[in-house]
Amino acid sequence: MPELEKTYTPAEVEARWYQRWLDDKCFEADPSRVSEKRPAYSIVIPPPNVTGVLHMGHVLNNTIQDILSRRARMQGKEVLWLPGTDHAGIATQNVVEKTLKKQGVIKHRDDLGREKLVEKIWEWKDKHGDIIIDQLKKLGASCDWSRQRFTFDDDYNACVMRVFVDLYKKGLIYRGRRMVNWCPSSLTALSDEEVIPTPQKGFMYHFKVQVVEEPDTWLEIATTRPETIPGDTAVAVNPKDERYAHLIGKHIKRPLPLENQAPIPIVGDDHVDFEFGTGVLKVTPAHDKADFEIGQRHNLEIIDVLHPNAILNELAGKDLAGLERFEGRKKAVELLTELGVMVKEEPHQNNVGYSERAGVPIEPRLSEQWFLKYPSIKESQDVVAKGEMKFYPDRWAKVYDHWLTGIQDWCISRQVWWGHRIPVWYRGEETYCGTSAPEGEGWTQDPDVLDTWFSSWLWPFATMGWTGDKEKDSANPTLKAFYPTTDLVTGPDIIFFWVARMIMAGFEWMSELPFKNVYYTGIIRDKQGRKMSKSLGNSPDPLDLITKYSADALRFGIMRSAPLGQDIRYDEQNVELGRNFCTKLWNAARFRQMQSSTGFQPVSPDGRVENSSYITEAEISPTLLSSDDKWILLRLNTAIAEVSAALEEYRFSDATATLYRFFWSEYCDWYIEASKAVLQGSDEKRKANTLAVIDFVLSHTLRLFHPFLPFITEELWHGMGFNADLPENQGGKSIMFAPWPKPLDADELAHFGILPEDEATANQKYETVNLGRGLKSTFNINKKVRFVLKPNQELPGHEIEVIRILLNAEPLDVDASFAPTKGTPSALTPLGTVFLPLDGLIDVEAERARVGKDLAKAESELEKVTAKLADENFTSKVPQKVLDEHQQRLTDWQEKSAKLKEMLAALSA
RNA sequence: GCACGGAUAGCUCAGUGGUAGAGCGGCUCGCUUACACCGAGUUGGUCGGGGGUUCGAAUCCCUCUCCGUGUACCA
């Protein structure tokens with residue numbers, strides 16, 4: 001067996017193993033291996049932005065996917081974790097345009113033109129596109145990189161085109177002049193989902209206007225956007241509003257622009273809420289969705305006073321033209337004030353839609369866009385409602401359902417160049433839609449590209465080589481084996497953008513749901529609970545953390561703090577804790593290794609002999625098992641069961657907590673320490689047997705840990721020689737293919753002679769040790785000292801030795817007739833009374849005080865239980881089980897109290 | 001406005017009717033031959049407030065407060 005290094009060096013180990021896994025093609029999925037005995041497990045990565053860099057959200061998300069994938073491999077499944085990146089149309093084009101502008105290459109995208117700019121973006125993509133992929137590799141992601149996809153690959157592009165044409169032919173895609181969300185920064189339309197309503201502090205401006213037909217009548221109007229007055233083409237009042245109804249049909253004089261104070265009509269419209277503002281609404285059909293609708297109903301003129309970049313244009317009048325919209329607002333107020341028509345301005349809070357990407361207020365804008373009536377809504381809604389597809393946590397199902405219920409058509413066209421170009425061509429009055437350009441001269445293609453999500457929604461099958469040709473697709477082994485996928489792991493922030501749409505696409509083109517389970521991660525926040533963001537600078541670079549602590553540590557730290565469905569408070573301490581845990585694991589393995597060199601009986605590293613099957617139990621001799629051995633085997637059983645159950649239910653933090661507790665608190669703190677009684681002794685047979693138990697536990701623990709800590713477990717798996725003698729594909733080559741641990745079943749437990757009560761036996765011993773240690777600490781003893789145990793019943797010598805070692809006692813005398821001198825500190829334990837004889841060094845008063853405190857506690861508990869049991873109201877109504885418990889409690893406290901009283905009496909004598 | 005989630009020890013969280021828990025931190029000891037990235041001990045809580053149901057409530061019901069998320073055409 002190769003000797004383990006003294007210190008663990010994660011950087012070297014992680015790089016080495018990742019390369020080895022790649023070289024050995026460990027992550028590559030082969031559909032031909034899928035069979036009834038070897039089911040498929042598949043998961044598609046939420047494709048990160050191709051120009052992005054790894055952030056903590058990616059770490060969380062991809063660690064989870066990796067855990068699921070690795071566990072599935074260990075369960076003997078054929079695993080496909082399909083990776084790739086997203087072209088992220090608007091975001092990527094923005095980044096490249098900005099860079100080019102900074103470099104002084106261009107002032108505007110038109111300086112380059114469409115083709116040249118797209119070329120530049122491709123160059124950018126080729127240069128930066130693999131950064132995030134490399135970062136995922138550093139994290140240990142076990143994706144099948146041979147299948148890496150990009151949403152703008154030729155094959156993928158073909159899928160997008162095919163889908164567009166299909167929907168167009170089905171009549172679900174149409175072009176129309178509508179009010180859309182316009183981003184004045186990116187100069188494109190956005191979908192409703194890309195607009196974030198943001199509460200905004202502003203002002204409500206009240207101004208008055210003169211009724212043309214009744215010059216003495218003035219109406220007061222309240223608005224938040226006075227700069228759009230030049231675009232007003234009516235004012236509206238509610239026809240039921242008695243204050244104004246008689247004015248309907250008359251006109252008011254629009255105050256701006258000054259050079260064109262045109263009369264505009266007063267219309268009656270139910271939309272107007274007469275409780276709000278003044279009950280008089282200025283109607284600007286070009287710049288407000290609701291106003292646009294009013295305009296439609298009353299056939300109003302539409303005056304667009306803004307350039308696409310939200311600078312006021314000539315129609316706004318000479319005073320406002322050329323001003324940015326917020327400057328224009330100030331100027332408009334000034335003008336109204338000069339006119340003497342400003343009444344007042346009041347602070348006002350309203351919701352303003354912000355562009356999700358550009359972070360600027362969007363403008364409702366009338367423009368020609370492409371829209372999609374969503375397909376397969378019914379199936380998509382039902383599949384989740386009926387629980388055929390499961391959401392974790394399931395409350396997202398309601399959110400999903402609600403969105404689908406009130407769903408609006410999707411604006412899918414974008415006025416940028418980086419993206420899938422709309423496959424529609426025009427020639428005069430003719431329109432052609434097809435996957436390639438039409439025959440003949442004079443056709444021009446629609447300049448718009450498609451929303452990035454219009455490609456992402458095909459991800460689960462477009463990445464698997466879908467062609468839309470039924471025959472071809474049914475002969476496609478990848479699709480056949482791995483679609484529908486098993487799990488999807490993503491953030492709830494893209495439940496509408498992506499998840500819901502993928503479900504629709506799955507039904508529409510594959511006639512089947514795209515995944516069976518969706519796990520929604522929480523959002524990573526900083527210690528103060530704020531979202532992580534670049535501008536706050538509170539987002540650590542995962543790569544720095546990996547350098548500092550290792551990828552395993554980062555993974556473990558993040559998973560430990562990520563309860564199901566809850567936001568995560570990130571604290572670097574958790575990563576540090578992950579590193580410490582790896583170190584502990586490393587040292588525990590080293591401890592085992594150091595024992596073998598001193599061992600007498602030759603035992604193979606895994607406690608196995610040549611040609612044995614994988615099961616190591618055969619090497620453990622049941623007759624030689626100590627109570628500690630039985631205890632740790634039972635605790636291991638519990639840990640395996642708990643971790644397995646937690647993973648089934650996507651409770652990753654519970655799984656990590658169990659692993660931590662089992663390995664650190666149970667295995668290292670108790671079992672290893674107790675086993676030293678044997679390992680430092682002279683019974684060679686027992687030593688060998690203890691080592692076999694240790695190997696059994698370690699080999700199981702490493703496997704249990706592997707999905708969480710892939711690197712260090714692999715290193716130790718080989719370092720400890722646990723891989724030796726295993727078939728290549730079952731742990732010989734890599735721990736990632738070793739079988740997922742199973743708890744010992746009833747037969748195996750019987751074989752080892754392990755009974756459930758064995759756990760309590762060992763626990764009593766450990767409790768005794770705890771109490772003894774407590775005595776030592778109370779009296780500030782930090783050296784090896786003599787303890788005396790006055791046992792309740794006879795104890796085997798081995799058990800006494802274990803207690804001695806755990807207590808660090810020198811010696812531990814067992815004396816059933818021990819008569820302590822007055823004032824000897826003592827503790828009542830499950831195994832008897834433990835004394836710490838200090839030969840007159842102790843303070844009788846102090847000991848009396850200590851015992852007195854214990855007694856007071858016992859008395860108060862006794863009182864409580866007695867009172868309860870004396871209460872007829874209680875005893876008559878309570879179930880027998882509870883009554884028994886209380887009865888037992890009563891007896892326990894009575895006994896304890898009696899003994900404490902005795903001790904106190906002895907101290908006072 | 002509506003819906004959902006959350007509020008338990010200094011911090012992060014378990015705990016869905018029967019003696020309030022864990023990890024981390026804090027404090028006190030200790031370089032005991034795997035590990036100081038460690039070990040031992042110990043300290044922390046009228047379970048957000050108020051009502052109610054019950055023999056018994058962190059847990060069930062009502063109500064309020066605060067935080068978060070989603071959603072809604074109020075200029």
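Below, chain A is the first sequence line, B the second, and so on; all start at residue 1.
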**Q** With side chain to side chain donor-acceptor pair (under 3.5 Å) as the criterion, how do A:N580 and A:K584 come out once you've worked through the C-alpha distance, each side chain's angles and the decisive distance to 0.1 Å?
**A** CA-CA 6 Å; A:N580 295 353; A:K584 189 74 177 177; over 6 Å; no
**Q** Checking contacts here: which listed nucleotide (B:rU19, B:rA75, B:rU69) is nearest the side-chain heavy atoms of A:W893?
**A**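 It is B:rU19.
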**Q** Could you walk me through whether A:Y766 and A:W670 pass the ring pair (Phe, Tyr, Trp, His ring centres under 6.0 Å) check?
**A** CA-CA 8 Å; A:Y766 304 147; A:W670 287 111; 4.6 Å; yes
**Q** In whole angstrom, give the distance that lies between atom CH2 of A:W586 and atom C1' of B:rC38.
**A**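 These atoms are roughly 18 Å apart.
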**Q** Pairing donors with acceptors under 3.5 angstrom, does anything connect the side chains of A:E642 and A:T658?
**A**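 A:T658 and A:E642 do have a side-chain donor-acceptor pair below 3.5 Å.
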**Q** Tell me: CZ of A:R560 to C1' of B:rG25, nearest whole Å?
**A**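 The answer, rounded to whole Å, is 13 Å.
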**Q** How many Å lie between CD on A:Q200 and C1' on B:rC74, as a whole number?
**A**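 Between C1' of B:rC74 and CD of A:Q200: 17 Å.
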**Q** For nucleotides 33-35 of chain B, tabulate all protein N/O to nucleotide N/O atom pairs closer than 3.5 Å, reporting atom names and distance.
**A**
{"unit_1": "B:rA34", "atom_1": "O2'", "unit_2": "A:N587", "atom_2": "OD1", "d": "3.1"}
{"unit_1": "B:rA34", "atom_1": "O2'", "unit_2": "A:R590", "atom_2": "NH1", "d": "3.3"}
{"unit_1": "B:rA34", "atom_1": "N6", "unit_2": "A:E673", "atom_2": "OE2", "d": "3.1"}
{"unit_1": "B:rA34", "atom_1": "N3", "unit_2": "A:N587", "atom_2": "O", "d": "3.2"}
{"unit_1": "B:rA34", "atom_1": "N3", "unit_2": "A:A588", "atom_2": "N", "d": "3.4"}
{"unit_1": "B:rC35", "atom_1": "O4'", "unit_2": "A:N587", "atom_2": "OD1", "d": "3.4"}
{"unit_1": "B:rC35", "atom_1": "O2'", "unit_2": "A:N587", "atom_2": "ND2", "d": "3.4"}
{"unit_1": "B:rC35", "atom_1": "O2", "unit_2": "A:K584", "atom_2": "NZ", "d": "2.9"}
{"unit_1": "B:rC35", "atom_1": "N3", "unit_2": "A:K584", "atom_2": "NZ", "d": "3.0"}

**Q** Please walk me through it: do A:Y392 and A:Y520 pass ring pair (Phe, Tyr, Trp, His ring centres under 6.0 Å)?
**A** CA-CA 6 Å; A:Y392 298 86; A:Y520 295 98; 9.5 Å; no
**Q** Tell me every residue that passes salt bridge (charged side-chain N to carboxylate O under 4.0 Å, His left out) with A:R569, counting only those two or more places apart in sequence or in another chain.
**A**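 Once residues adjacent in sequence are excluded, A:R569 has no partner under the salt bridge (charged side-chain N to carboxylate O under 4.0 Å, His left out) criterion.
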**Q** With rounding to whole Å, what would you report as the distance between B:rA57 and B:rG50 at their C1' atoms?
**A**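 Each nucleotide's C1' atom is 15 Å from the other's.
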**Q** Which pair of non-hydrogen atoms, one from A:D567 and one from A:I523, has the smallest distance, and what is that distance?
**A**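 Heavy atoms of A:D567 and A:I523 come nearest at OD1-N, 3.0 Å.
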**Q** With C1' as the reference atom in both, quote the distance from B:rC38 to B:rG70 in angstrom, rounded to an integer.
**A**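 Result for the C1' pair: 47 Å, nearest Å.
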**Q** Taking the side chain of A:R525 as its heavy atoms from C-beta onward, which of B:rG18, B:rU69, B:rC55 lies nearest to it?
**A**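 Of all the options, the side chain of A:R525 is nearest to B:rU69.
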**Q** Map A:A222 and A:E193 onto RNA chain B by nearest heavy atom, then report which one ends up closer to the 5' terminus.
**A**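 Mapping each residue to its closest nucleotide by heavy atoms, the 5'-most match is A:E193.
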**Q** To the nearest 0.5 Å, how far apart are NZ in A:K344 and CD in A:E346?
**A**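 If we round to the nearest 0.5 Å, A:K344:NZ and A:E346:CD are 4.0 Å apart.
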**Q** For B:rG44 and B:rC27, measure between their C1' atoms and round to the nearest Å.
**A**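 Taking atom C1' in both B:rG44 and B:rC27, they lie 11 Å apart.
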**Q** Pull up the glycosidic torsion of B:rG48 and say syn or anti, syn being anything within 90° of 0.
**A**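 You should classify B:rG48 as anti.
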**Q** In whole Å, I'd like the distance from the CG atom of A:L300 to the P atom of B:rA75.
**A**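 Atom-to-atom, A:L300 to B:rA75, this comes out as 20 Å.
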**Q** Taking the minimum atom-to-atom distance to the side chain of A:N808, which one of B:rC24, B:rC4, B:rU32 wins?
**A**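 Output: B:rU32.
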**Q** Heavy-atom count check: over 12 atoms from other residues, nucleotides or ligands less than 6.0 Å from A:Q408 CD?
**A**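 Open: at most 12 neighbouring heavy atoms sit under 6.0 Å from CD of A:Q408.
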**Q** Please report the distance, rounded to the nearest Å, between CG in A:D871 and C1' in B:rU54.
**A**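 The answer, rounded to whole Å, is 13 Å.
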**Q** Check whether any side-chain nitrogen or oxygen of A:N350 sits under 4.0 Å from OP1 or OP2 of B:rC74, and answer yes or no.
**A**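 False: A:N350 side-chain N/O out of range (4.0 Å or more) of B:rC74 OP1/OP2.
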**Q** Suppose you measure atom C1' in B:rA14 against the same atom in B:rC24; what distance do you get, rounded to whole Å?
**A**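 The answer is 14 Å between these two C1' atoms.
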**Q** Rounding to an integer number of angstrom, what distance separates B:rC74 and B:rC62 when you compare their C1' atoms?
**A**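 32 Å, rounded to whole Å.
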**Q** Are OP1 or OP2 of B:rC24 and a side-chain N or O of A:Y660 less than 4.0 angstrom apart?
**A**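 A:Y660 to B:rC24 OP1/OP2: side-chain N or O found under 4.0 Å.
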**Q** Who are the ring-ring contact (aromatic ring centres under 6.0 Å, His included) partners of A:F207, not counting sequence neighbours?
**A**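 A:F207 satisfies ring-ring contact (aromatic ring centres under 6.0 Å, His included) with no other residue.
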**Q** Nearest whole angstrom, please: distance from the P of B:rA36 to the CD of A:E576.
**A**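 From A:E576 CD to B:rA36 P: 15 Å.
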**Q** Could you provide the dot-bracket string of RNA chain B, using ( ) for intrastrand pairs, [ ] for crossing pairs and | for bases paired to another strand, with Watson-Crick or G-U pairs below 3.5 Å?
**A** ((((((((.[[[[.)..(..]]]].(((((.......))))).....[[[[[..)....]]]]])))))))....
**Q** Taking the six-membered ring for Trp, is the centroid-to-centroid distance between A:F581 and A:Y660 below 6.0 Å?
**A**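 Yes, close enough.
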**Q** Without decimals, in angstroms, what is the distance between A:D291 CG and B:rC74 P?
**A**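 Atom CG in A:D291 sits about 13 Å away from atom P in B:rC74.
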**Q** Which residue, A:R661 or A:F276, contacts RNA chain B at a nucleotide closer to its 5' end, judged by nearest heavy atom?
**A**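 Residue closer to the 5' terminus by nearest nucleotide: A:R661.
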**Q** B:rG18 C1' sits how many Å from A:K877 NZ, rounded?
**A**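 Atom-to-atom, A:K877 to B:rG18, this comes out as 15 Å.
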**Q** Should the heavy atoms of other residues, nucleotides or ligands under 6.0 Å from NE2 of A:H348 be counted, would the total exceed 12?
**A**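 More than 12 heavy atoms, drawn from other residues, nucleotides or ligands, come within 6.0 Å of this atom.
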**Q** For nucleotides 9-14 of chain B, list the nitrogen or oxygen atoms of the protein found under 3.5 Å from its nitrogen or oxygen atoms, one pair per line.
**A**
{"unit_1": "B:rU12", "atom_1": "OP1", "unit_2": "A:R569", "atom_2": "NH1", "d": "3.0"}

**Q** Ignoring backbone atoms, establish whether A:N351 has a side-chain N or O less than 4.0 Å from OP1 or OP2 of B:rC74.
**A**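 No, because none of the side-chain N or O atoms of A:N351 sits under 4.0 Å from OP1 or OP2 of B:rC74.
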**Q** Between the side chain of A:R579 and the main-chain N/O of A:Y549, is any donor-acceptor distance below 3.5 Å?
**A**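 No, because the side chain of A:R579 does not come within donor-acceptor range (under 3.5 Å) of the backbone of A:Y549.
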**Q** Please state the P separation for the pair B:rC47 and B:rA20 - nearest whole angstrom.
**A**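 Pairwise P distance, B:rC47 against B:rA20, rounds to 11 Å.
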**Q** My understanding is that only residues two or more places apart in sequence, or in another chain, count here; which of them pass side-chain hydrogen bond (donor to acceptor under 3.5 Å, both in side chains) with A:Y205?
**A**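 Expected list: none.
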**Q** Reckon A:R579 has a side-chain N or O less than 4.0 Å from the OP1 or OP2 of B:rC37?
**A**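 So the side chain of A:R579 is outside the cut-off, no N or O lying under 4.0 Å from OP1 or OP2 of B:rC37.
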